[in-house]
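Have a look at the structure below before the remarks.
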Amino acid sequence: MDREVGENSFEHGRLGALSRWGRFLCGPQNLKFKDMFTWQFCKTIAMGQALSMLICGTAVTCQYLADAGVETPMLQSFLNYTLLLLTYTLVLAFRRGENNIVQILKTKWWKYFLMALTDVEANYTVVKAYQFTTLTSIQLLDCFVIPVLMLLSWIFLKTRYRPLHFIAVTVCLLGVGAMVGADLLAGRDQGSSHHVLLGDGLVLVSAALYAVSNVCQEYTVKNLSRVEFLGMMGLFGTLISGVQMAILESKAIPVISWNWTICLLFVAYTLCMYGLYSFMPVVVNMTSATAVNLSLLTADLFSLFCGMFLFRYNFSGLYIVSFVVITLGFIMFNIVPTYTADQSYATNDRAYHLASSADVQQDIVVDWLQKDKRMRTA
């Protein structure tokens, strides 16, 4: 009888330890399989991978344009922002009241100007980095956007993360490491080796600018509206990229050998970028900018799979491992929702302490019953 009581006590202690570790990693909530893998959760994963495939489309078309001798990143950005202007900005122009474009420009024009400037320069600097550093360096250093984004979200959006979120980010970065290792084994370490430090610096600058842009996007989409964000990005992005294109690419554009293939590549690139800009705020509103950037880590893998058929890249089993690891990290990150310090922290903290107190009281009662039972059997 004492042995049976001891086994029950050990089992209870083990379950209690697992419960405490679960609350430490995930917070004061009981996670069940049916609550985690909901239709909303699966839709988030699917939409994140759809965004990755859109980025893959931009990468493939850029590769074809580069092979054709076309190097006009600002022209490509200008076409995307112009398409946003012709759709979302026009919607704002026909609105009435406080949501009209005139009222928005009166009060917040400088904020959206800075946001658009940040986004335009982030796109330009990462494309420019390919001229100075290697593909491997860009893949590794571009992940710098995730810790910067988490830090900015912590400071400005008051987003708070559980330990499981940091573990999930680490898992995703390990997947990126496996992808880079596969690139090296497959001989895909392409790019210039001249002025490597300059190229690496441009990648880090681009990552920081993307992080700022994504934080602004998350705040605007969740507190204002998606149409307002895209309309203002279309307006100011077109102006900024147009001026920058006239200054930097005035000689490169006239020498393009225009034909149906080049035109179709420009159209495909613009549509992919337009789809990315249009649907990314939807996914950001469903999750967070950090979660979206984690899902976009698989974009290089989709580009590789396309390159295997289009550009005859070599295949390595590490690519499959990388895809599985990155997807696993993304799932881990989204299993437990983030929370804001000013709204949910006090409630969650109180619930955590109440749960901990209940466990302590339960342990005391169980121990008292076990001692009483042993005294009776003795």
Side-chain angles (χ1 to χ4, degrees), residues 48 51 55 58 73-74 77-78 80-81 84 88 104 107-129 138-161 165-166 169 172-173 176 198-226 228-241 243-244 273 276-297 299 333 338 340-342:
L51 293 179
I55 293 182
T58 63
M74 291 312 305
S77 295
F78 175 77
N80 170 51
Y81 290 121
L84 293 175
Y88 296 103
I104 295 173
T107 57
K108 295 174 286 189
W109 70 268
W110 62 274
K111 296 180 180 179
Y112 286 115
F113 175 81
L114 294 177
M115 289 168 59
L117 179 64
T118 302
D119 191 72
V120 171
E121 299 310 322
N123 291 326
Y124 180 75
T125 50
V126 72
V127 173
K128 197 69 176 177
I138 292 175
Q139 287 174 326
L140 285 174
L141 296 176
D142 195 45
C143 296
F144 182 65
V145 66
I146 295 173
V148 175
L149 182 56
M150 294 180 72
L151 179 62
L152 293 177
S153 298
W154 182 287
I155 296 173
F156 296 104
L157 302 182
K158 307 301 181 183
T159 304
R160 296 297 179 259
Y161 302 96
H165 293 129
F166 296 102
V169 170
C172 287
L173 295 182
V176 174
L198 175 59
D200 292 347
L202 288 174
V203 177
L204 294 177
V205 171
S206 174
L209 292 175
Y210 272 126
V212 173
S213 176
N214 288 339
V215 167
C216 295
Q217 179 182 11
E218 181 175 353
Y219 176 83
T220 306
V221 168
K222 291 186 176 181
N223 293 277
L224 298 174
S225 75
R226 165 177 167 267
E228 179 175 330
F229 171 77
L230 292 174
M232 291 296 99
M233 290 296 291
L235 175 61
F236 289 109
T238 301
L239 294 175
I240 296 171
S241 61
V243 172
Q244 196 163 337
M273 286 295 292
L276 178 65
Y277 272 73
S278 297
F279 293 113
M280 187 171 176
V282 177
V283 187
V284 168
N285 193 33
M286 294 170 58
T287 56
S288 65
T290 304
V292 171
N293 276 273
L294 289 176
S295 68
L296 296 182
L297 293 176
F333 189 92
T338 57
T340 55
D342 56 345

Just wondering, do [Y] and [X] contact through their side chains at under 4.5 Å, heavy atoms?
{"X": "Tyr161", "Y": "Val169", "answer": "no"}
{"X": "Tyr81", "Y": "Phe236", "answer": "no"}
{"X": "Thr118", "Y": "Cys216", "answer": "no"}

Atom pair [atom1]/[atom2] of [X] and [Y] - distance to nearest 0.5 Å:
{"X": "Lys108", "Y": "Leu114", "atom1": "NZ", "atom2": "CG", "value": "14.5 Å"}
{"X": "Met280", "Y": "Asn293", "atom1": "CE", "atom2": "CG", "value": "5.0 Å"}
{"X": "Arg226", "Y": "Phe279", "atom1": "CZ", "atom2": "CZ", "value": "7.0 Å"}
{"X": "Phe166", "Y": "Met150", "atom1": "CZ", "atom2": "CE", "value": "4.5 Å"}
{"X": "Leu151", "Y": "Phe156", "atom1": "CG", "atom2": "CZ", "value": "8.5 Å"}
{"X": "Leu239", "Y": "Phe113", "atom1": "CG", "atom2": "CZ", "value": "8.5 Å"}

### Query
Under 3.5 Å, is there a donor-acceptor pair linking the side chains of Ser278 and Tyr88?
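There is such a pair between these side chains.
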Give the minimum heavy-atom separation between [X] and [Y], together with the two atoms involved.
{"X": "Asn214", "Y": "Ala289", "result": "O-CB, 3.8 Å"}
{"X": "Val127", "Y": "Pro73", "result": "CG1-CB, 3.6 Å"}
{"X": "Lys222", "Y": "Ser288", "result": "NZ-CA, 4.2 Å"}
{"X": "Ile146", "Y": "Leu297", "result": "CD1-CD1, 4.0 Å"}
{"X": "Ser241", "Y": "Thr238", "result": "OG-O, 3.4 Å"}
{"X": "Ile240", "Y": "Glu121", "result": "CG2-OE2, 4.5 Å"}

### Task
Begin with the C-alpha distance, continue with both residues' side-chain angles, and end with the deciding distance and a verdict on side chain to side chain contact (heavy atoms under 4.5 Å, CB included) for Met233 and Thr220.
CA-CA 11 Å; Met233 290 296 291; Thr220 306; over 6 Å; no
#### Entry: Parallel, tilted or perpendicular: ring planes of Phe333 versus His165, cut at 30 and 60 degrees
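Ring orientation of Phe333 relative to His165: tilted.
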Show me the side-chain donor-acceptor pairs of residues 201-212 shorter than 3.5 Å, one per line, residues at least two apart or across chains.
unit_1 : atom_1 : unit_2 : atom_2 : d
Ser206 : OG     : Ala122 : O      : 3.0
Tyr210 : OH     : Asn123 : OD1    : 2.4

### Query
What do the steps show when you test Val284 against Phe229 for side chain to side chain contact (heavy atoms under 4.5 Å, CB included), and what is the final call?
CA-CA 12 Å; Val284 168; Phe229 171 77; over 6 Å; no
### Query
Step by step, would you call Thr58 with Leu276 a side chain to side chain contact (heavy atoms under 4.5 Å, CB included)?
CA-CA 10 Å; Thr58 63; Leu276 178 65; 5.6 Å; no
### Task
May I ask you to check whether over 12 heavy atoms, not counting those of Trp109, lie within 6.0 Å of atom CH2?
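12 or below, so no.
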### Task
Begin from the C-alpha positions of Tyr219 and Leu157 and carry the test side chain to side chain contact (heavy atoms under 4.5 Å, CB included) through to its verdict.
CA-CA 7 Å; Tyr219 176 83; Leu157 302 182; 3.7 Å; yes
